[in-house]
Trainee: 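Okay, here's the structure, questions in a sec.
For the numbers below, each heavy atom of this structure counts, side chains included, while hydrogens, waters and symmetry mates do not.
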Amino acid sequence: MGRIQQVFYMARTTFLEEQRNKRVIMGFLLGMALFGYWLNYFIQYALDVGEPVNILEAFIVVEHHHKSILFLVVGWLLIISNAPFIKRNTYLSLCRSSRKKWNAAMLQYIMIQAFLYVAGIAVVSVAVSLLFGFFGNMWSSPVYHLAMDTGNHLGVKYNISFPWVNIMQTMTVPQAFMITLVFLFLYLVLIGFLLYVCNLLLKEIYGILIVFSIQISGYLLQQEGFTNLSLMAKAIPGYAIDGNGGQWKVIVLFCVIILILALISLWLIGRVDFKDEVEEE
């Protein structure tokens, strides 16, 4: 079996084992429920306006809502809270392959779960919007009015906002949908890799506390207007899209941080003592 095949096989095995874990199932359900909470406000607003929305807009609007992305990470942390996913058969995998290959497989597993988490949320938003929406490049009238609500009157009334005229001016709805999906995916991967690295160094509880503290501090910095210092704010495309390719700078930044965390894990994995770290199955 080649190196790439070994890595893929270990990632696949971890995925199949973890998908039966109640904690992982609850993480996905919690993420859907938290997203659905804010989605409900947008749907109610659209119904009150009485005009159809683009079926891709719900995902864009809800992901851009500051409180929504704050809580979406809670479900994600529940899914990956037991990183680095050490089980009884881990030692056999380490012996048959190597620590570096096993580490690559765990990172691959985190990326797979992040994609499924984001894709699941996106599919739910589109499925709900199909009931009263349309598909196309055009932005809908309800979202346009929401973006033009400079006094935030609609935001206060419906508890949902979308003050991102810059997105509507520079992107079609499918383009905004894809860039929003990419931003959220990369942010979750970054959070997942960071937790993985922290847990290689410390006990799981400390890793969770560190990552959650970064999430909370990012939210507070965003609320105070220091969006350039907030990782969470950078996961919201509206802050980066400026008509001059600002979104690509954030994507590159996320990829660089993810790569650095992957390299740190590669350096740490040879120094980790896995003794007494086996999960309860």
Trainee: With sequence neighbours excluded, tell me which residues meet side-chain hydrogen bond (donor to acceptor under 3.5 Å, both in side chains) with Y239.
Mentor: Q222

Trainee: Output a table of donor-acceptor pairs, distance under 3.5 Å, between side-chain atoms of residues 36-44 and any protein atom two or more places apart or on a different chain; print 'none' if there are none.
Mentor:
{"from": "Y37", "atom 1": "OH", "to": "Y41", "atom 2": "OH", "distance (Å)": "2.9"}
{"from": "Q44", "atom 1": "NE2", "to": "D48", "atom 2": "OD1", "distance (Å)": "3.0"}

Trainee: Roughly how far, to the nearest 0.5 Å, is the CD1 atom of I60 from the CE atom of M168?
Mentor: 9.5 Å

Trainee: I'd like to know if V74 and I191 are part of one continuous hydrophobic network [Ile/Leu/Val/Met/Phe/Trp/Tyr, side-chain heavy atoms within less than 4.5 Å].
Mentor: yes

Trainee: Taking the side chain as every heavy atom from C-beta outward, state whether Y45 and K157 have any pair of such atoms under 4.5 Å apart.
Mentor: no

Trainee: Please work out whether the ring planes of F254 and Y187 are parallel, tilted or perpendicular, with thresholds of 30° and 60°.
Mentor: tilted

Trainee: Listing request: all ring-ring contact (aromatic ring centres under 6.0 Å, His included) pairs with a residue in residues 118-157, at least two apart in sequence or in separate chains.
Mentor: none

Trainee: Can you establish whether the number of heavy atoms outside F71 located under 6.0 Å from its atom CZ is more than 12?
Mentor: no

Trainee: Is there a path of hydrophobic side-chain contacts, each under 4.5 Å between heavy atoms, that joins L209 and L200?
Mentor: yes

Trainee: Is the H64 ring parallel, tilted or perpendicular to the F162 ring (thresholds 30°, 60°)?
Mentor: perpendicular

Trainee: What class does the angle between the rings of Y196 and W102 fall in, given that below 30° is parallel, 30 to 60° is tilted and above 60° is perpendicular?
Mentor: tilted

Trainee: Mind checking the CZ-CD1 spacing from F28 to I79? Nearest 0.5 Å is all I need.
Mentor: 4.0 Å

Trainee: When you compare the side chain of Q247 with that of M171, does any pair of heavy atoms fall below 4.5 Å?
Mentor: yes

Trainee: Using 0.5 Å steps for rounding, measure from the CG atom of L194 to the CG atom of N199.
Mentor: 9.5 Å

